[in-house]
Amino acid sequence: MYEERVVSGMRPTGALHLGHYHGALKNWVRLQSEYPCYYFVADWHALTTHYDEPGTIEANVWEMVIDWLAAGIDPAQATLFIQSRVPEHAELHTLMSMITPLGWLERVPTYKDQQEKLVDKDLSTYGFLGYPLLQSADVLIYRAKYVPVGADQVPHIEFMREIARRFNHVYGREPGFEDKAKAAAKKMGSRKAKLYAQLRTSYQEQGDNEALAAARSLLEEQQNLSVGDCERLYGYLEGGGRMILVEPDVLLTEASKLPGLDGAKMSKSYGNAIALREDAESVKKKIRTMPTDPARVKLTDPGDPDKCPVWQFHLVYTDDKTREWAAKGCRSAGIGCLECKQPVIDAVLAEQGPMKERAQRYLDDPTLVRNIIADGCDKARKLAQETMREVREVMGLDYK
Ligand code: TRP
Ligand code: SF4
């Protein structure tokens, strides 16, 4: 019934760079063949911090989608869409806000951290406080199983798990729940209903997690149960009420191993980034002028790769043999820094070549991108609407 969906979003606040690629995007590309993946442009989330520069968002939405496609996101496998074109996200956000304690939002660490970091922005807004709740709506509306994000986002996933639990606790306790759950089980046929009941008992009485997993996959296979009955059976299994919203798990994305040109975190605002599809001449120039171990003033001064940001690029981009050559040549002053940088330049350009090629199709014909997004929005919206029907019903909004 609930497929094992992956949902993740990115804010369109600037051109994507190689740090994004080696951090998040490569992971998205890998996941698309393993799960049904829903990747979206989080334009509303961009507005929570960039509300005074709408132009930035507009300029970056399509460029970001092209960056995704360039990186190898395949629209035949993954569903790509734009958050604001599935307005149900906003509806769920509003409805969930009714049961969201203010203290929960105030305690999310990014709230204070970002306010302290982005001092030139007034982030004491309602929208910014609600950032994690909007993010919760993004994920919960698809009843996602996994959310691939970096470590900084883990508190947001924990927050949405708590919101899902609270929602189910408040709205999943319908009158006659147990009888309805039992009636739902019968609809699977008596053999499966019996198996379900046995597995449920094993889980609830002996804490048998394998029984829980087996019962869940039994439910997953059911094709002809209504959404409401599925919610009852998932909830009854675990000892609660109807499971209207599903608690997702984090799929932790390893931090990008690729720092910026100066060795600090790669970021457009630090001016140390290489854009995903940056022009080759500019890439060459940027790497050639990268700072190196300051001890190597003259060619005859030996250096230490561990004190050089170029070495970090070698670790991501070159093979063992090249690295050995570079490290040895550096320590013995046998090679110059420009020489050492050449294989890195070659590898970055080789990585970018196919990306630029893939992007060119879309740059030449922007309607291709518009169509991919239109299809993705339709597909996402259908799922979102299904969840919203349930949410409205349990919140008493289904009156005629
Ligand atoms: N907050 C995320 C970030 O800054 C972006 C985001 C918005 C997101 N909604 C999401 C990520 C839902 C995962 C799932 O990276
Ligand atoms: Fe850096 Fe290479 Fe120069 Fe050593 S030789 S300082 S590793 S660029």
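Residue numbers start at 1 and run along the sequence shown. Just follow the structure's listing: the first ligand is 1, and inside any ligand the first atom is 1. Worth knowing before you read on, the calculation uses all heavy atoms, side chains too, and leaves out hydrogens, waters and symmetry mates.
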Trainee: What protein heavy atom is closest to atom 4 (Fe) of ligand 2, reported as residue, atom name and distance in Å?
Mentor: Cys330 SG, 2.3 Å

Trainee: Do Gln204 and Glu238 get their side chains close enough for a donor-acceptor pair, meaning under 3.5 Å?
Mentor: no

Trainee: Which of the numbered atoms in ligand 1 are under 4.0 angstrom from any heavy atom belonging to Val139?
Mentor: 12 (C), 14 (C)

Trainee: Show the atoms of ligand 1 that are less than 4.0 angstrom away from any heavy atom in Val147.
Mentor: 13 (C), 14 (C)

Trainee: Tell me whether Gln153 has any N or O atom under 3.5 angstrom from an N or O of ligand 1.
Mentor: yes

Trainee: Where is the nearest protein heavy atom to atom 7 (C) of ligand 1: which residue, which atom, and how far?
Mentor: His45 ND1, 3.3 Å

Trainee: Is the charged tip of Arg242 near the ring of Tyr171: under 6.0 Å from the six-membered ring centre and within 45° of its axis?
Mentor: no

Trainee: Decide, yes or no, whether a salt bridge links Arg277 with Glu63 under the criterion of side-chain N to carboxylate O below 4.0 Å.
Mentor: yes

Trainee: Looking only at side chains, do His22 and Glu351 share a donor and an acceptor under 3.5 Å apart?
Mentor: yes

Trainee: Against heavy atoms of Arg11, which atoms of ligand 1 measure under 4.0 Å?
Mentor: 4 (O)

Trainee: Give me the nearest non-hydrogen protein atom to atom 10 (C) of ligand 1 as residue plus atom name, then the distance to 0.1 Å.
Mentor: Gln135 CG, 3.4 Å

Trainee: With under 30° as parallel and over 60° as perpendicular, where do the rings of Trp28 and Tyr39 fit, or are they tilted in between?
Mentor: parallel

Trainee: Specify whether an N/O/S atom of Cys337 falls short of 2.8 Å from atom 3 (Fe) of ligand 2.
Mentor: yes

Trainee: Who's the nearest protein heavy-atom neighbour of atom 2 (Fe) of ligand 2, and how far?
Mentor: Cys340 SG, 2.3 Å

Trainee: Does Arg370 count as lying over the ring of Trp62, i.e. NZ or CZ under 6.0 Å from the six-ring centre, within 45 degrees of the axis?
Mentor: yes

Trainee: Indicate yes or no: at least one non-hydrogen side-chain atom of Glu91 is less than 4.5 angstrom from one of Ile141.
Mentor: no

Trainee: Which of the numbered atoms in ligand 2 are under 4.0 angstrom from any heavy atom belonging to Val310?
Mentor: 8 (S)

Trainee: Does only the side chain of Leu134 get under 4.0 Å from ligand 1, or the backbone, or both, or neither? Count heavy atoms.
Mentor: neither

Trainee: Hey, are Lys284 and Glu281 close enough for a salt bridge, meaning a charged N less than 4.0 Å from a carboxylate O?
Mentor: yes

Trainee: Taking the side chain as every heavy atom from C-beta outward, state whether Lys121 and Asp52 have any pair of such atoms under 4.5 Å apart.
Mentor: yes

Trainee: Would you mind checking which non-hydrogen protein atom is closest to atom 5 (S) of ligand 2, with the distance to 0.1 Å?
Mentor: Arg296 NH1, 3.1 Å

Trainee: Before we go on, tell me: are the rings of Tyr111 and His156 under 6.0 Å apart, centre to centre?
Mentor: no

Trainee: Would you say the rings of Tyr51 and Tyr131 are close, in the sense that their centroids are separated by under 6.0 Å?
Mentor: no

Trainee: Please state which protein non-hydrogen atom is closest to atom 9 (N) of ligand 1 and give its distance, to 0.1 Å?
Mentor: Asp138 OD2, 2.7 Å

Trainee: Looking only at distance, does Ser8 have an N or O less than 3.5 Å from an N or O of ligand 1?
Mentor: no

Trainee: For atom 4 (O) of ligand 1, find the nearest protein heavy atom and state the residue, atom name and distance (0.1 Å precision).
Mentor: Tyr131 OH, 3.2 Å

Trainee: What protein heavy atom lies closest to atom 5 (C) of ligand 1? Include the residue and the distance to one decimal.
Mentor: Gly9 O, 3.6 Å

Trainee: I'd like to know if atom 2 (Fe) of ligand 2 has an N/O/S atom from Cys308 within less than 2.8 Å of it, counting both backbone and side-chain atoms.
Mentor: no

Trainee: I'd like to know if Asp293 pairs up with Arg296 as an ion pair, taking the criterion as any Lys NZ or Arg NE/NH1/NH2 lying under 4.0 Å from an Asp or Glu carboxylate oxygen.
Mentor: no

Trainee: When you measure from atom 8 (S) of ligand 2 to every protein heavy atom, which one gives the shortest distance, and what is it?
Mentor: Thr292 CG2, 3.6 Å

Trainee: Taking 4.0 angstrom as the limit and counting only heavy atoms of Asp293, give me the atoms of ligand 2 inside it, by number and element.
Mentor: 6 (S)

Trainee: Suppose I only count heavy atoms of Val149 and a 4.0 Å limit; which atoms of ligand 1 are within that range?
Mentor: 11 (C), 13 (C)

